[in-house]
Each structure stands twice: as structure tokens, then as C-alpha cells.
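Below is one structure, written out as C-alpha cells; comments come after it.
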Amino acid sequence: MQKTITTKQPIENRIIPYDSESLIKYSELKEISFEQMENDLEEFCYILENCYAGLDAAKSNGLNIENEKNAIINLLKQKQTINISDFAEILYQRFSPYISDTHFSIESSYKPCSFYYRFITQHRLYFSDLYVIKHDNNFYVYESTDEAIKIGSIIQLENINEYLYEYPAKGKNVYRLAVFSDKDESEFDIKIDGKEQTIPLYREPANDEAFTHYIKFSAKAAYIRYNRCCFDNDEQKEQLRNFSNSADKCRNKDVIIFDIRGNHGGADGYSLQFFADLYFNNKKKAQKFINKYKSSEKWIYSLASIKSAIYSFNKYCDMSLPEVKKGFDKFLKLEKRLSRKPQKLIETVSKSNYKFNKSSYNGKIIILTDKGVASSGESVLEQAYLFFKEKNQVIQIGTNTSGCASFGNLCTYHLSNSGLQVTCGFTDFSVDIIKSNKFKGEGKGYFPDYWCTVNDLEKTIAAVLNVNIEEVKFNA
């Protein structure tokens, strides 16, 4: 049974500026006084303490806000004026060791010298062109673009399993040698037949095309290109709405190829509607599920976070999505409540108890990912697993995603004197996220079941499904 528990903490109401329209007044501002810096530091700490859903996680990493605040004041107290870019860098240096959140960022409003700090260490995969196969506890060269490396040579590498990524485009039980690292990697040392060799590495770039949505069909498959969950104009909004209602067009296909490469997020509702319709094949049941089902969540409500959320929802969100409208109406009520009685509300929602075992769709769902998939883009994976994991219908192919899933529902504030823009989520989704064996952490992302580069997508899909490549060709 689902439960919601709300705890209350008395606080002083403090409204941190949040409207983007007033940012222009900071566009030429380069410096602030020490007193102005102190005020902005107080605002930054207020955001952490009363608006940020990742506060408990940061504290578990050792964050003591008062200690960091005093350290910054002591560092800058001899200065009459402070460069805003220096202030931002100090905030990043002092707080980033404790905050591990791809969504959390500090950005400048000063146009001549823009900067951007994201509070995460990103990990990326660097491929080699060396493919290996295991036989009798040894690893042998299966294929290499380097003619000097002979097929069948023995690979010697300590902890070799950490560098092997299953790559079915080259054959069954074939692995591609790669390095997963938080540093830029260009080469890798390895022993081949007892001889030290250096092999080159390269990074597969993420898809960066503009808003794209379409559906293509073959006799047995549907291919859905869905690279945005957000819109910039009414035409794009209409395309997203059309997508959310397109499950019936795909229902009779053996395979749905869901290409979300480059989808850096937006709203969860469009893909949730698609998967609910696909699962139930009944609009009323699907909508009832959407209205009632909850994942494990923790919401942080203060007057500051609520006012920023109301502004963001009004400006960027599609109110035709039922869960968006429901959330917005709730925020309006909370705004009145928190204005009357200043307090911080922590609302903890337990996961709904629902058995997913009667899907009306029995085909396979292939989800194509890359490092550009983040936030609500990654929610597409979670939603697909939610509905279709019981029958192992979901297969992720490509490379790892960004790893931007633990904290969401973003609000942006700007500090009163410097104009520094602080973006963070006021909802904690981490309870369910960390239980996923696919999610490797913030900045690391969801690992695919099968790895491949863009050039090998169609070969990989065909190999995984054991079908002719012509059946899955969509010029992906």
C-alpha cells in the first residue's frame, strides 16, 4: 500500500530570485563587494538547506554547510571587491566534493565571460578497435584493425573483465576492449603474446541533432525517433503529444525500436503515456494508472522552491499532461500554505504496490542510447523496465547514458547580487534508482545490455534479435 509521510521544519521564508527576465541586469556585472558576496553566500546555503533534494546525500558525503560557509568568508574577507567568476569557482571547489548530482549547476549571467560548473565527474567509454573472445580461460584476439596484431594472439591484461564490453555486431560472445574513465584517454597499454603494445582509444560522440521525432514501420518492426522530451514551440509540443498517443500504431509489431540517443530530458509524461497505453491497450486503465501510480520519491517544499517551481511550470511545461497539471495545482495550494506559515515540508512517498504481469504487448522493445541521454531521457528506460521487465522484453543497445537521474524537477534561482544562476532539483528519486542494476551512478549512467557504436547499430539489433539485417534497417 502506498504511503505519504510529511515532516515539518520551521524556517524563515526567504525568496531567492528565480525569473529569467531580470537576468539582463547582471549581463555586464563583473564584480561585487564583500558584503554582497556574503549575502549571496547566505542565499546559496539557503537553497542547499531548504530547496535541494540532494541535501541528505551531500551530508552523508561529509558536507557541513556552516563549515564551508565560514571557510569561504575567511578566504575572501581581505578583499573589498570580488570577481564573480572567482566566487563561482570557490563555490564549486568547496561544495563539489560533497554534491554528486549531474543536474546541480552554477552558471554565469555575465555575458562577456560565461562559465558553467556542473557538480559531477563524468565518466565516458573509450573504445579500442581490438575485439577478443574467451576460450579455456584465455582471451584471444578475434579481430583488429592493426595488421601487426595477429588473429588468435593471447591477450594478457590484469583484471581484463573490467575492459571487456559485449559486442554482438562482431559475433556471439565477442567483446570489444574499452576503457571506462573519468579522464580523457587516447591510448592503452596491453600485452599481446607477451609483448607490450600500445593501442589507440577513441570516444564515441553523442548524438547532437536538433529536435527530431518520427515513426517508421516495416513489416515486423516500428522505429521511433524520440530525441527530446521538451519543446521550444507549439509545433514541437504537438509532435510530442502525437508521440504520446502513438502506441496503437506500434502494437502489432514484433519489435519496437525506441531511439532516444541525444535525448537530454524534459518531461516524463509523454513516454509514460506511450508505455501505459502499450501495456494496457485501454485508455481508461492507462490514465487511471498514470493518475495513481507513484515511484519512491522525496519532495522538498519551501516557499522559495515552490515559487521557482510555479514559474518554471508556467514557462516551460505542457499543462495538457495530467500529472503536470495536477502538480501545478498542488504547488499553488502549497504557495498559499507556506506564505501563511513559514516552514520546510519534506514529503516522502512510498512506491505503489502494483504487479506488472498482464501486458497486452508481448514483443521486444529495443532502446538505443548514448552519452547524450539524460534526466527524463533516462526515465524512458526506467518506464520501459517498469512495465515490461517481468517478461524480459526490454533490451538496451548502444553506449552508457549520462547518469542524471537521482534528483530532478529542476528549479533555477539567481543570487541577488552576483546573478549567479543555481539550478537544482527539489525531488529525490534515488531510492528506486539505486536499486536498478542497470544504473551505475551519477555521471556514469545506465549501461546497455549490448554495446555498439553508431556504425554497428543495425548489425547489433539484427544479431541480438537473430533476424536478417534488412528487417531492422531504418537508417538509424
Side chains of [X] and [Y], donor plus acceptor under 3.5 Å:
X	Y	answer
Asp182	Thr121	no
Lys371	Gln122	yes
Gln396	Tyr450	no
Thr412	Gln421	no
Gln383	Ser271	yes
Thr102	Glu442	yes

Where at least one partner belongs to residues 366-387, residue pairs that pass ring-ring contact (aromatic ring centres under 6.0 Å, His included), sequence neighbours excluded: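 Sorted result for residues 366-387: Tyr279-Phe387, Phe289-Phe387, Phe356-Phe387.
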To the nearest 0.5 Å, how far apart are [atom1] in [X] and [atom2] in [Y]?
X	Y	atom1	atom2	answer
Lys77	Asn70	NZ	CG	10.0 Å
Phe211	Asn227	CZ	CG	7.0 Å
Ile90	Ile106	CD1	CD1	11.0 Å
Glu42	Asp40	CD	CG	10.5 Å
Ser302	Lys344	OG	NZ	8.0 Å
Tyr413	Ile16	OH	CD1	8.5 Å

Would you call [X] and [Y] a salt bridge, using N to O less than 4.0 angstrom?
X	Y	result
Lys364	Asp254	no
Glu335	Lys307	yes
Lys69	Glu38	no

Ring centroids only, cut at 6.0 angstrom: are [X] and [Y] within range, meaning strictly under it?
X	Y	result
His414	Tyr18	no
His103	Phe407	no
Phe258	Phe275	yes

So, [X] side chain and [Y] main chain: donor-acceptor pair closer than 3.5 Å or not?
X	Y	result
Ser105	Arg118	no
Glu378	Ser375	yes
Ser312	Ala309	no
Ser109	Gly419	yes
Arg225	Lys216	no
Asn291	Tyr293	no
Ser33	Gln36	yes
Glu166	Trp451	no
Tyr46	Arg14	yes
Asp432	Ser296	yes

Within-4.5 Å side-chain heavy-atom neighbours: Lys444 and Phe439: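 No. Closest side-chain heavy atoms not under 4.5 Å.
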Student check: side-chain heavy atoms of Phe119 and Tyr98 closer than 4.5 Å: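 No, too far: nothing below the 4.5 Å cut-off.
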Return the minimal non-hydrogen interatomic distance between [X] and [Y], and the atom names on each side.
X	Y	answer
Val380	Ile367	O-CD1, 4.3 Å
Tyr52	Gly425	CD1-O, 3.6 Å
Asn409	Phe426	O-CD2, 2.9 Å
Tyr316	Ser20	OH-OG, 4.4 Å
Arg251	Ser360	NH1-OG, 3.1 Å
Ser181	Glu185	OG-OE2, 2.9 Å

Asp277 and Gln273: CA distance, side-chain angles, deciding distance, side chain to side chain donor-acceptor pair (under 3.5 Å) verdict: CA-CA 6 Å; Asp277 286 351; Gln273 184 73 60; 3.1 Å; yes
Lys389 atom NZ: more than 12 heavy-atom contacts under 6.0 Å: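 No - once you tally the heavy atoms of other residues, nucleotides and ligands closer than 6.0 Å, there are 12 at most.
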More than 12 heavy atoms of other groups within 6.0 Å of Glu21 CD: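 Counting neighbours around CD of Glu21, more than 12 heavy atoms of other residues, nucleotides or ligands fall under 6.0 Å, so yes.
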Phe447 six-ring face occupied by Lys440 cation (under 6.0 Å, within 45°):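 Yes, a cation-pi geometry holds between Lys440 and Phe447.
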Side chain to side chain donor-acceptor pair (under 3.5 Å) between Glu347 and Thr4, intermediate numbers included: CA-CA 7 Å; Glu347 184 179 277; Thr4 300; 5.6 Å; no
Working for side chain to side chain donor-acceptor pair (under 3.5 Å), residues Asp370 and Thr399: CA-CA 5 Å; Asp370 65 8; Thr399 61; 5.7 Å; no
Parallel, tilted or perpendicular: ring planes of Tyr214 versus Tyr223, cut at 30 and 60 degrees: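 Ring orientation, 0 to 90° scale: tilted.
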From CA spacing to verdict: ring pair (Phe, Tyr, Trp, His ring centres under 6.0 Å), Tyr226, Phe243: CA-CA 8 Å; Tyr226 180 60; Phe243 152 70; 4.2 Å; yes
Ring pair (Phe, Tyr, Trp, His ring centres under 6.0 Å) between Phe331 and Phe313, intermediate numbers included: CA-CA 10 Å; Phe331 297 160; Phe313 269 52; 5.1 Å; yes
Candidate pair Thr369 and Arg261, rule side chain to side chain donor-acceptor pair (under 3.5 Å), full reasoning: CA-CA 5 Å; Thr369 63; Arg261 291 173 299 140; over 6 Å; no
